[in-house]
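Letters A, B, ... are given to chains in the order of the sequence lines, protein chains preceding strands, and every chain is numbered from 1.
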Protein chains: 2
Amino acid sequence: MPPTYSISAVAKASGLSVHTIRAWEKRYGVTNPERTDTNRRKYTLGDIERFRLLRQATENGHSIGMIAELSTEELQNLDNTAEVQNPLASNRNYLAACLQAMMNLDADALEEALSHAGIVLGIDRFLSEVVVPLLKELDSGWEERRISIAQEHLASAVLRTQLEKARLTIQVPSHAPRILVTTPSGQLHEIGALLAAISAARHGWNVTYLGPNLPSDEIAAAVAKTHSNAIGLSLVYPADDPLVDSELLKIRELLPTTPIIIGGRVISHYRQTIQAIGAHIITDDHSLKQLLRSLS
Amino acid sequence: MPPTYSISAVAKASGLSVHTIRAWEKRYGVTNPERTDTNRRKYTLGDIERFRLLRQATENGHSIGMIAELSTEELQNLDNTAEVQNPLASNRNYLAACLQAMMNLDADALEEALSHAGIVLGIDRFLSEVVVPLLKELDSGWEERRISIAQEHLASAVLRTQLEKARLTIQVPSHAPRILVTTPSGQLHEIGALLAAISAARHGWNVTYLGPNLPSDEIAAAVAKTHSNAIGLSLVYPADDPLVDSELLKIRELLPTTPIIIGGRVISHYRQTIQAIGAHIITDDHSLKQLLRSLS
DNA sequence: GCTATTTTGTCTAAATTATGTCCATAAAGT
DNA sequence: ACTTTATGGACATAATTTAGACAAAATAGC
């Protein structure tokens with residue numbers, strides 16, 4: 001792994017400023033990068049990872065002076081055991097920036113804000129503190145006519161791209177259990193399904209994501225073809241479509257034993273059918289995690 | 001005798017300017033092309049791939065001075081650590097690999113094939129030699145029931161991600177003319193619109209992409225808000241929806257002077273309306289390029 | 001509780017280096 | 001004629017370096 005990253009590249013990737021990186025180096029010797037012939041610092045991917053861990057640790061309340069000498073390995077363990085949440089974290093700012101960019105139909109700014117949030121917050125907090133609130137805001141704003149269709153479309157398109165980007169960074173062993181994620185016929189909104197796909201991947205599952213609006217027989221055939229161990233379905237809109245009920249029943253008919261996991265804003269409207277087919281209901285990432293663990 | 005390429009051909013294929021290519025050669029010795037009897041540079045396919053990798057790496061945050069000395073192999077492994085790429089296998093049939101992966105519902109393989117094709121072929125050839133034929137195959141295969149809905153969904157989802165990825169690598173100056181790309185109400189397929197968005201960006205336009213199925217009044221409002229100089233609409237399916245006709249008319253009513261560019265598989269079914277509102281019809285990338293040039 | 005000190009992130013200034021772009025001129029293709 | 005290319009040099013902007021300053025926050029000492 002040849003060292004090829006410039007200090008600005010490290011700054012972008014780690015969420016620190018170039019000033020801070022140099023200060024930490026001078027004061028605490030957190031890294032000792034090679035130099036070019038002309039004295040420029042040359043960083044490795046490992047350095048980036050180290051700076052990222054250091055930033056997370058400092059944001060969790062550790063002072064940089066105390067942890068600077070720790071090895072990268074020790075930093076990882078430290079991070080796993082740190083529970084101190086820093087309420088000062090500026091998630092509000094990201095959310096506000098996203099909303100403003102969306103209102104202005106400024107795709108570049110929205111992308112910038114989301115991308116930066118993903119780097120600085122880490123994927124878990126990015127999802128729970130930015131993406132989910134943003135989706136809620138989209139929901140309520142759309143109902144109250146505060147958000148136009150165009151704004152919602154723009155947000156969906158950019159968000160989708162960023163979520164896919166986040167998904168690419170997750171690596172899952174190929175022997176892990178497999179889940180098929182989609183939405184049934186009649187359900188056109190896919191962001192919820194995409195979120196579920198990322199969560200499942202985060203929790204160690206191989207995900208086959210098939211987008212929205214998939215008929216029951218296709219779902220069944222796809223489950224067979226991909227040897228999936230479970231199905232994830234997202235129900236967001238509309239709330240009272242009898243087609244959804246019948247599709248759910250058909251899926252259960254075609255796949256009598258496959259666990260079906262259902263989540264989304266409008267699950268309550270289909271609760272009767274969901275219970276009839278013995279599907280699992282999830283309401284948040286934590287319940288999804290529990291459920292997936294029990295299934296694997 | 002292997003084929004060779006002029007510096008301008010390399011510039012087009014790699015996305016660099018001829019100035020930059022010569023500067024990189026002079027300053028960092030990134031390549032050492034043979035010369036003709038009259039001292040013109042003669043590049044090989046390998047040189048083109050090297051320049052392309054260098055451009056991608058620089059856009060990824062590496063500075064050219066640091067990576068110029070790396071071998072082509074090291075460049076390939078810089079960011080795509082998992083992918084082992086064989087430049088000798090450039091005759092590989094990407095399209096076939098994509099189709100097979102799609103048939104097997106193997107999202108990972110499809111993603112791998114598309115991503116690899118995008119890197120090796122460059123964006124233009126990737127679009128014209130892989131994406132467009134794949135879309136045509138999807139179309140015909142779907143009509144002939146050779147391809148299931150699940151397979152089509154999978155292909156759409158993965159393709160969309162790869163296209164978005166490709167779009168991110170295109171950089172356009174912010175003062176460039178602006179085009180809004182979407183599909184009108186009733187048109188749910190978005191891949192064509194995404195393709196058009198990429199083409200427009202390739203031809204130097206700032207693109208605001210708003211996804212499929214956008215009502216006419218929203219389109220008009222978005223054009224005003226983003227100060228767009230033109231509208232791009234994609235019509236792929238369905239072929240005979242009176243809603244599309246009325247939406248097109250409404251758009252023209254709301255925006256009497258904005259150029260409207262329309263393309264897609266089913267434009268012939270709406271030809272009368274398209275002519276009535278004085279919209280431009282494009283049939284391929286070349287005609288789009290011509291048209292955009294005349295508008296800017 | 002209240003200073004004094006240390007820690008820490010941020011910032012400035014000035015010099016150096018990096019990098020994309022451009023020019024002028026000559027030569028070669030078309 | 002017009003375009004493309006080669007060469008060497010010039011330029012402007014951006015990035016990086018070092019040394020040090022500064023203010024807010026945390027910590028220590030009393």
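No side-chain donor from either of B:Arg178 and B:Thr226 sits under 3.5 Å from a side-chain acceptor of the other.
Residue contacts for B:Ser6: at a heavy-atom cut-off of 4.0 Å it reaches the sugar-phosphate backbone alone, with no base atom in range. Among the atoms of the strands shown, only primed sugar atoms or phosphate atoms (P, OP1, OP2) are found under 4.0 Å from some heavy atom of B:Arg35.
Of the side-chain N and O atoms in A:Ser17, one or more sit less than 4.0 angstrom from OP1 or OP2 of C:dT10. An OP1 or OP2 oxygen of D:dT18 is reached within less than 4.0 angstrom by a side-chain nitrogen or oxygen of A:Arg41. Residue B:Arg22 has no polar side-chain atom (N or O) positioned under 4.0 Å from OP1 or OP2 of D:dT7. For C:dT7, neither phosphate oxygen OP1 nor OP2 lies less than 4.0 angstrom from any side-chain nitrogen or oxygen of A:Tyr28.
The CD1 atom of B:Ile67 lies 10.5 Å from the CD atom of B:Gln56; values are rounded to the nearest 0.5 Å.
Contact check on A:Arg50 versus A:Glu74 returns no salt bridge, with no Lys/Arg side-chain nitrogen under 4.0 Å from an Asp/Glu carboxylate oxygen.
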What pairs of nitrogen or oxygen atoms, one from the protein and one from nucleotides 19-28 of chain D, lie under 3.5 Å apart?
none

Review item, nucleotides 13-15 of chain C N/O atoms under 3.5 Å of protein N/O:
none

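For the pair A:Glu25 and A:Arg41, the minimum side-chain heavy-atom distance is below 4.5 Å.
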